[in-house]
Amino acid sequence: MGLLEKSFKPEVVEDKWYSRWEKNGFFTPDPDSDKPPFSIVIPPPNVTGSLHMGHALNATIQDILTRWKKMSGFNVLWLPGTDHAGIATQNVVEKEISKEGLDRYKMGRKAFIEMVWKWKAEYGGRIIHQLKKLGCACDWSRERFTLDEGLSMAVREVFVRLFEEELLYRDDRLINWCPRCHTALSDLEVEYDEIEGRLYSIRYPLLPIVKGTEEQEYITIATTRPETMLGDTAVAVHPEDNRYSHLIGKYVELPLTGRKIKIVAEPTVDPSFGTGALKVTPAHDFNDEAIGRLHNLPVVSVITEDGQMSENAGERYKGLDRYECRKKVVADLKELGLLTDQRKHLHAVGHCYRCKTIIEPLLNIQWYVRIESLASEAVRLVKDGKIRLIPEIWDNNYYAWMKDIRDWCISRQIWWGHQIPAWYCPECRNNGDKLQGDIIEHIFHKPVTLNDNNIISGGTYSYLRSTGMSHDEIIKHSKIISIPKEVKPISQRHDINECPACQSRNIIRDPDVLDTWFSSALWPFSTLGWPENTKDLKTFYPTSVLVTGFDILFFWVARMIMMGGKFMNDVPFRDVYIHALVRDSGGHKMSKSRGNVIDPLVMIDKYGADAFRFALAAFAAQGRDVRFSEKRVEGYRHFINKLWNASKFILNYKEFRTDKPVYEYKDELDLPSRWILNGIALTAQETNRELGEYHFNDAAGSLYQFVWHEFCDWYIEITKPVLYKGKDEDKEVIVNCLFFVLQKILLLLHPFMPFVTEEIWNSVFDDSSSIMASSYPAGLQFYPDAEVKMNYFIDAVSGIRHIRGELNINPSLEIKADIRTLSNEAEAVLQDNLSAIMKLTKCSDLNIGENIIRSKDSAVTIKNSLEIYVPLGGLLDVKSEMARLKKEREKIEGEIAFVNKKLTNEDFLKNAPDNIVEKEREKFDILIQKSQKISESIGILKTIKG
RNA sequence: AGGCGCGUAGCUCAGUGGGAGAGCGCUUCCUUGACACGGAAGAGGUCAGGGGUUCGAUACCCCUCGUGCCUACCA
């Protein structure tokens with residue numbers, strides 16, 4: 001298209017440039033480079049994901065850094081990839097196959113996993129494609145996937161080493177269980193939402209039972225989950241609660257079961273909540289589990305892994321869904337007259353973060369990472385400043401979380417993921433002592449058949465039974481195991497097929513897979529080739545910066561720090577830049593259910609990737625949520641248009657461009673040119689500094705301000721008279737300046753808006769190479785005097801325009817103006833630029849000097865040290881000018897009063913720094929002068945009027 | 001309940017111990033040879049409220065109100 005087009009057409013050029021960059025290898029670092037390295041690993045998006053605003057912000061920031069560093073002379077790697085996202089992906093594919101009436105159990109593990117891979121091949125690349133649309137300069141030749149071969153090796157190595165160091169263990173304890181996903185979840189994977197439930201009060205009869213009389217005593221407990229009472233093994237009361245203290249040690253009969261349970265003293269019970277008496281269900285509540293352990297209570301599990309009542313719940317309730325059972329229990333209690341109260345009650349309930357099903361605390365055997373030593377090392381790395389969190393307000397959050405951290409449950413009862421590299425020997429339990437067949441049956445709770453490689457857990461088994469499958473049908477497809485703690489696992493770097501202790505070939509591999517975050521925790525080094533000692537690893541580890549949202553600070557960042565510290569003996573990254581969360585204009589998280597999602601791809605289609613990226617950068621102030629507004633994207637599209645048209649204008653004067661570097665011009669450079677050269681030097685300096693401090697919004701703001709309001713509004717306007725009607729030698733200097741500044745602008749903007757800058761670059765500069773291969777501007781020459789001098793110029797022009805605007809003088813009308821200067825310097829500057837000022841203000845006659853005398857019928861305005869008069873002759877509207885002046889005087893008098901108050905305050909004079917006092921004095925003098933001039937003018941107007 | 005933020009122009013947001021800024025919107029004027037996705041000139045704020053520190057507070061401290069998030073708990 002080129003610059004002949006009226007406006008920039010993103011859709012026409014974006015793909016063209018992207019594929020050209022990629023083809024030319026601009027995204028791939030040079031392996032033999034001696035430049036300093038700079039590396040970023042992308043937070044791998046879920047392979048199921050499609051680009052949302054969070055990704056877009058995250059990726060834009062990384063791309064800005066990547067391009068900036070590359071242009072600044074670094075050997076840059078931005079390594080991309082995706083995460084296999086265990087539960088999420090499995091859920092997606094399960095949903096797909098359910099349309100055909102299939103489920104994963106019917107398909108079997110092997111076939112199902114093949115299906116997921118197939119799905120991944122077909123749809124998994126979507127987000128990658130979307131990152132390309134955004135313009136991301138990722139090195140796609142190094143793209144990784146958390147389940148690919150190399151990363152799986154790393155996972156295995158880490159698992160085995162942790163196992164060998166006894167940092168891994170299996171344990172039976174209460175875990176968060178998702179009855180729909182059929183898997184354990186880590187603490188972090190549970191989301192708490194407030195929901196309205198009911199608080200029931202239930203009477204438990206004290207023993208002995210006094211049948212049929214009024215004398216029966218009761219203790220009344222309160223619960224929100226009456227169905228769990230079937231698994232109660234105690235009632236707890238506060239030891240000093242005198243309503244109940246006399247009952248401690250006595251027994252009650254648990255209604256509906258007939259079981260006898262004890263009343264125990266427990267200081268953690270809050271006497272003011274409910275009835276003050278707490279039912280204790282160690283099998284289904286985390287607090288109750290703790291109480292149970294303390295008091296050595298039995299554990300009765302009444303809910304199964306698919307959320308149904310187990311055999312322990314009794315014949316009447318067995319097999320019921322937990323919520324159905326709740327209704328039935330409540331009805332039964334009511335009938336027995338034991339339900340004394342039920343009221344609405346708001347409480348937070350844990351939900352599965354993937355499928356939103358209410359989680360069920362269940363007793364289960366799982367794998368855990370012993371986290372304490374890893375966590376304290378990870379804390380040390382941040383405390384010692386080896387890793388910097390930016391902004392640092394996150395430090396405290398990080399420490400607090402790491403302090404309270406519990407062991408990490410890493411096993412998941414799903415199929416898509418890294419299968420745990422651990423085996424069990426059913427014959428000797430890995431201690432060399434062979435057991436007999438019937439004992440094996442006993443240890444492995446469920447019957448084992450070895451006709452298929454399709455192993456499922458006990459929970460899955462009960463789920464299948466609930467769907468109506470018979471036992472025989474299930475074991476036709478599956479081998480069902482639940483391996484108790486007593487069996488010692490074997491973990492090795494390579495697959496094994498016999499027990500190292502007893503050589504049995506009946507060993508069984510652990511069917512569970514690892515938490516997705518286990519492999520993500522290794523991402524910064526596994527993607528670079530670890531455990532091999534690769535060149536990439538040597539060059540690019542530790543990575544320079546990690547860019548991420550705070551929502552995965554603990555899921556991911558903390559664990560990477562632990563794993564990096566443990567296995568690389570070094571930090572995984574030096575800086576962690578934590579950006580804001582993108583919210584809607586009401587400050588809410590964007591979510592499908594809220595219907596407030598803005599799709600980045602729609603933004604790109606509508607406004608172009610550049611405008612969208614620039615808006616994101618401008619929004620990315622630190623330590624704040626981003627409330628996204630589409631209007632702002634539109635504003636930045638206008639900015640791009642402005643840049644486009646300015647470039648087009650400059651290109652028109654190409655013929656006057658020479659090879660002479662602008663810095664070789666000395667006296668030939670007029671004031672505006674020196675000023676704009678100084679401006680671009682300043683802007684380059686600021687942009688570099690702000691990017692270095694991760695102040696993307698400031699960098700974007702500086703560039704916007706300079707390009708629009710300095711370069712376009714002033715410099716280009718000033719050059720026009722010369723370009724239209726000037727001499728050729730004057731044009732040469734100006735045109736060279738224009739091209740020079742434009743070139744620097746394009747370079748400075750490129751990390752923010754890669755496409756449009758590349759397009760203009762190629763149209764304006766006959767350079768066939770890419771803008772990506774050029775250097776980022778830094779260390780440009782300053783012209784310090786130009787800044788101050790140009791202010792006189794600007795004051796003069798805007799002063800005259802002010803009068804024109806206020807008095808509504810038609811812009812096409814030429815006027816006269818007089819400017820009284822208060823210094824020689826000001827006079828010289830204005831004299832030198834007389835014609836430019838006249839042109840910009842449409843003056844036909846302009847007088848400048850110290851001795852200018854204001855003519856009678858002129859309007860006046862004072863701009864800093866300039867007094868500007870516009871003689872109006874017949875044009876003068878006395879009434880409106882009078883009104884304007886009175887208003888101005890009123891304002892000034894207010895200011896005088898304020899400054900005066902300060903300058904007569906002795907405490908101020910005594911304590912304030914000298915420069916502040918001096919400033920106030922100067923201000924006072926100027927104000928007094930202004931006020932006098934205006935009073936004078938009002939006087940003159942009065943005489944005219946009269 | 002504890003912790004961390006936030007409250008600044010109509011809207012979305014920057015910002016600073018020395019009488020506040022941007023973008024969009026609004027008002028008036030202008031289709032002048034890069035650009036109406038434009039130009040010029042404006043209006044608009046008790047910087048949530050109250051107290052304190054200070055010569056001086058929108059900024060620092062405390063309290064209140066409003067609002068958002070995080071962590072834990074909610075029997």
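Each chain gets a letter, A, B and so on, in the order the sequences are listed, and its residues count up from 1.
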Scan [X] against the nucleic acid and name what it touches under 4.0 Å (heavy atoms): base, sugar-phosphate only, or nothing.
{"X": "Lys901(A)", "answer": "nothing"}
{"X": "Lys720(A)", "answer": "base"}
{"X": "Arg801(A)", "answer": "sugar-phosphate"}
{"X": "Val899(A)", "answer": "nothing"}
{"X": "Lys910(A)", "answer": "nothing"}

For [N], the Watson-Crick or wobble counterpart (both distances under 3.5 Å):
{"N": "rC73(B)", "answer": "none"}
{"N": "rC11(B)", "answer": "rG23(B)"}
{"N": "rU54(B)", "answer": "none"}
{"N": "rU46(B)", "answer": "none"}
{"N": "rG38(B)", "answer": "rC30(B)"}
{"N": "rC4(B)", "answer": "rG68(B)"}

Got a salt bridge between [X] and [Y], using NZ or NE/NH1/NH2 to carboxylate O under 4.0 Å?
{"X": "Lys902(A)", "Y": "Glu920(A)", "result": "yes"}
{"X": "Lys923(A)", "Y": "Asp925(A)", "result": "no"}
{"X": "Glu922(A)", "Y": "Lys919(A)", "result": "no"}
{"X": "Lys606(A)", "Y": "Glu630(A)", "result": "yes"}

Taking the side chain of [X] as its heavy atoms from C-beta onward, which of [options] lies nearest to it?
{"X": "Ser7(A)", "options": "rA41(B), rC37(B), rA34(B)", "value": "rC37(B)"}
{"X": "Phe898(A)", "options": "rA41(B), rG19(B), rU12(B)", "value": "rG19(B)"}
{"X": "Asp713(A)", "options": "rA14(B), rA40(B), rA34(B)", "value": "rA40(B)"}
{"X": "Asn287(A)", "options": "rG33(B), rG42(B), rC73(B)", "value": "rC73(B)"}

Whole-Å gap separating C1' (rG18(B)) and CD (Glu922(A)):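 Roughly 14 Å, once rounded to whole Å.
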Using modelled atom types and a 3.5 Å cut-off, is there a donor and acceptor pairing between side-chain atoms of His351(A) and backbone atoms of Val349(A)?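 Between the backbone of Val349(A) and the side chain of His351(A) there is a qualifying donor-acceptor contact (under 3.5 Å).
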Tell me whether Arg657(A) contacts the main-chain N or O of Leu651(A) through its side chain, where contact means a donor paired with an acceptor under 3.5 Å.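 No; zero donor-acceptor contacts below 3.5 Å.
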Rounded to whole angstrom, note down the [atom1] distance from [N] over to [M].
{"N": "rU71(B)", "M": "rU58(B)", "atom1": "C1'", "answer": "32 Å"}
{"N": "rA59(B)", "M": "rA41(B)", "atom1": "C1'", "answer": "32 Å"}
{"N": "rA22(B)", "M": "rA9(B)", "atom1": "P", "answer": "13 Å"}
{"N": "rA48(B)", "M": "rA14(B)", "atom1": "P", "answer": "14 Å"}
{"N": "rC61(B)", "M": "rG7(B)", "atom1": "P", "answer": "14 Å"}

Least distance between heavy atoms, Ser702(A) atom then Glu686(A) atom: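 Ser702(A) and Glu686(A) have their closest heavy atoms at OG-OE1, 3.4 Å.
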Return no unless some side-chain N or O of Tyr399(A) is found under 4.0 Å from OP1 or OP2 of rC4(B).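 For rC4(B), OP1/OP2 do not have a side-chain N/O of Tyr399(A) under 4.0 Å.
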Between Lys403(A) and rU71(B), is there a contact of a side-chain N or O with OP1 or OP2 at under 4.0 Å?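 Indeed not, no polar side-chain atom of Lys403(A) lies that close.
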Side-chain contact test, heavy atoms from C-beta onward, threshold under 4.5 Å: evaluate it for Ser844(A) versus Ile815(A) and give yes or no.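 Of all side-chain heavy-atom pairs linking Ile815(A) with Ser844(A), none is under 4.5 Å.
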Atom pairs, protein N/O to nucleotides 52-55 of chain B N/O, distance under 3.5 Å:
residue	atom	partner	partner atom	Å
rC55(B)	O4'	Asn911(A)	ND2	3.4
rC55(B)	O2'	Asn905(A)	ND2	3.3

Tell me which of Ile650(A) and Val269(A) sits closer to the 5' end of RNA chain B, going by the nucleotide each one is nearest to.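 Final value for this comparison: Ile650(A).
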Where each residue is assigned the nucleotide of RNA chain B containing its nearest heavy atom, which of Asp270(A) and Lys919(A) is assigned the position nearer the 5′ end?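 Upstream on the strand: Lys919(A).
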Which residue pairs pass the salt bridge (Lys or Arg N to Asp or Glu O under 4.0 Å) test when at least one of the two sits in residues 266-287 of chain A, sequence neighbours left out?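 Sorted pair list: Asp232(A)-Lys279(A).
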Where do Phe639(A) and Tyr704(A) land on the ring-ring contact (aromatic ring centres under 6.0 Å, His included) test, with the steps shown first? CA-CA 8 Å; Phe639(A) 176 56; Tyr704(A) 184 94; 4.7 Å; yes
5' to 3', nucleotides 20-31 of chain B under a 4.0 Å protein heavy-atom cut-off (B base, S sugar-phosphate only, - none) gives ---SS---SSS-
Side chain Glu717(A) and base rA40(B) donor-acceptor under 3.5 Å: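 In this structure, the two groups form no donor-acceptor pair.
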Quiz question: going by heavy-atom distance under 3.5 Å, is there a donor-acceptor pair between the base of rA34(B) and the side chain of Lys6(A)?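 In this structure, the two groups form no donor-acceptor pair.
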Identify the residue among Phe614(A), Phe752(A), Phe612(A), Tyr607(A) that makes a ring-ring contact (aromatic ring centres under 6.0 Å, His included) with Tyr636(A).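 That would be Phe614(A).
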